[in-house]
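Just below is one structure, and these are the notes that go with it.
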Amino acid sequence: MTTVYVHDNDKTQTVSCSDRSQGVMEVENNDSAPLYDFRFYGHAHPEFFLDQNQFHDGEQLTVDDIMNKEQFQLKFV
């Protein structure tokens, strides 16, 4: 499981992961509710997005990639 370290706010920001990779979380307003879009540099991990109900400390999710599944957990810093 890869932990993604992120600040608990609605601002686009650089994120760090437990495996030392990095990426960006972009915040988009979708029908007046924020949508959190995670993308990782160098395609180290698959992209994923969360809605406001999923964006909380400790959230765990599994992302299906082309070749396998990857597990993530959010950690607010």
Side-chain angles (χ1 to χ4, degrees):
M1 179 176 302
T2 302
T3 302
V4 180
Y5 301 101
V6 60
H7 294 285
D8 181 16
N9 61 39
D10 291 339
K11 296 181 182 178
T12 296
Q13 59 188 282
T14 300
V15 298
S16 297
C17 299
S18 57
D19 65 358
R20 297 186 180 197
S21 62
Q22 292 185 322
V24 65
M25 179 192 78
E26 294 181 344
V27 181
E28 303 170 10
N29 286 326
N30 185 21
D31 297 329
S32 74
L35 187 66
Y36 305 90
D37 187 9
F38 290 81
R39 297 179 187 178
F40 300 93
Y41 301 138
H43 305 287
H45 302 288
E47 300 175 6
F48 63 90
F49 68 90
L50 303 172
D51 63 27
Q52 67 181 0
N53 295 325
Q54 298 168 307
F55 186 71
H56 59 82
D57 190 39
E59 177 72 18
Q60 293 184 10
L61 64 143
T62 301
V63 178
D64 289 329
D65 197 8
I66 295 171
M67 300 296 282
N68 59 2
K69 294 182 180 191
E70 191 163 349
Q71 294 182 321
F72 295 95
Q73 181 175 28
L74 293 185
K75 177 67 177 167
F76 288 171
V77 293

Considering residues at least two apart in sequence or located in another chain, which fulfil the side chain to side chain contact (heavy atoms under 4.5 Å, CB included) criterion with [X]?
| X | result |
| --- | --- |
| Asn68 | Asp65 |
| Met1 | Gln60, Gln71, Gln73 |
| His7 | Asn9, Gln13, Val77 |

*Might you point out which heavy atoms bring Val27 and Asp10 nearest each other, and give the distance in Å?*
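Between these two residues, the closest heavy atoms are CG2-C, 3.7 Å.
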
*Nearest 0.5 Å please: distance from the CD atom of Glu26 over to the NZ atom of Lys11.*
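If I round to the nearest 0.5 Å, the distance is 16.0 Å.
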
*How long is the gap from CD on Glu47 to CZ on Phe40, to the nearest 0.5 Å?*
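One finds 9.0 Å between CD of Glu47 and CZ of Phe40.
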
*Tell me, please, which residues at least two apart from Tyr36 pass ring-ring contact (aromatic ring centres under 6.0 Å, His included).*
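Here the qualifying residues are Phe55.
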
*For Leu35, what are the other residues in its hydrophobic cluster, where any two members join if their side-chain heavy atoms are less than 4.5 angstrom apart?*
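Same cluster as Leu35: Phe49.
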
*Going by side-chain heavy atoms closer than 4.5 Å, which hydrophobic residues are tied to Ile66, directly or by a chain of links?*
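Direct or chained contacts put Ile66 with Met67.
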
*Would you sort out whether Val15 and Tyr5 count as a side chain to side chain contact (heavy atoms under 4.5 Å, CB included), showing the intermediate values?*
CA-CA 6 Å; Val15 298; Tyr5 301 101; over 6 Å; no

_Measuring only between side-chain heavy atoms, which start at C-beta, is Leu50 closer than 4.5 Å to Leu74?_
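Yes, close enough: below the 4.5 Å cut-off.
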
May I have the list of side-chain donor-acceptor pairs in residues 16-25 shorter than 3.5 Å, sequence neighbours left out?
{"from": "Ser18", "atom 1": "OG", "to": "Thr3", "atom 2": "N", "distance (Å)": "3.0"}
{"from": "Asp19", "atom 1": "OD1", "to": "Ser21", "atom 2": "N", "distance (Å)": "3.1"}
{"from": "Asp19", "atom 1": "OD1", "to": "Ser21", "atom 2": "OG", "distance (Å)": "2.6"}
{"from": "Asp19", "atom 1": "OD2", "to": "His45", "atom 2": "NE2", "distance (Å)": "2.8"}
{"from": "Ser21", "atom 1": "OG", "to": "His45", "atom 2": "NE2", "distance (Å)": "3.1"}

*Return yes when atom NE2 of His56 has more than 12 non-hydrogen atoms of other residues, nucleotides or ligands closer than 6.0 Å, and no otherwise.*
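Result for NE2/His56: enclosed.
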
_Partners passing salt bridge (charged side-chain N to carboxylate O under 4.0 Å, His left out) against Asp37 (at least two apart in sequence or in another chain)_ =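 Per chain and number, Asp37 pairs via salt bridge (charged side-chain N to carboxylate O under 4.0 Å, His left out) with Arg39.
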
*Can you list the residues that meet the side chain to side chain donor-acceptor pair (under 3.5 Å) rule with Asp57, with sequence neighbours excluded?*
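So Asp57 forms no side chain to side chain donor-acceptor pair (under 3.5 Å) with any residue.
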
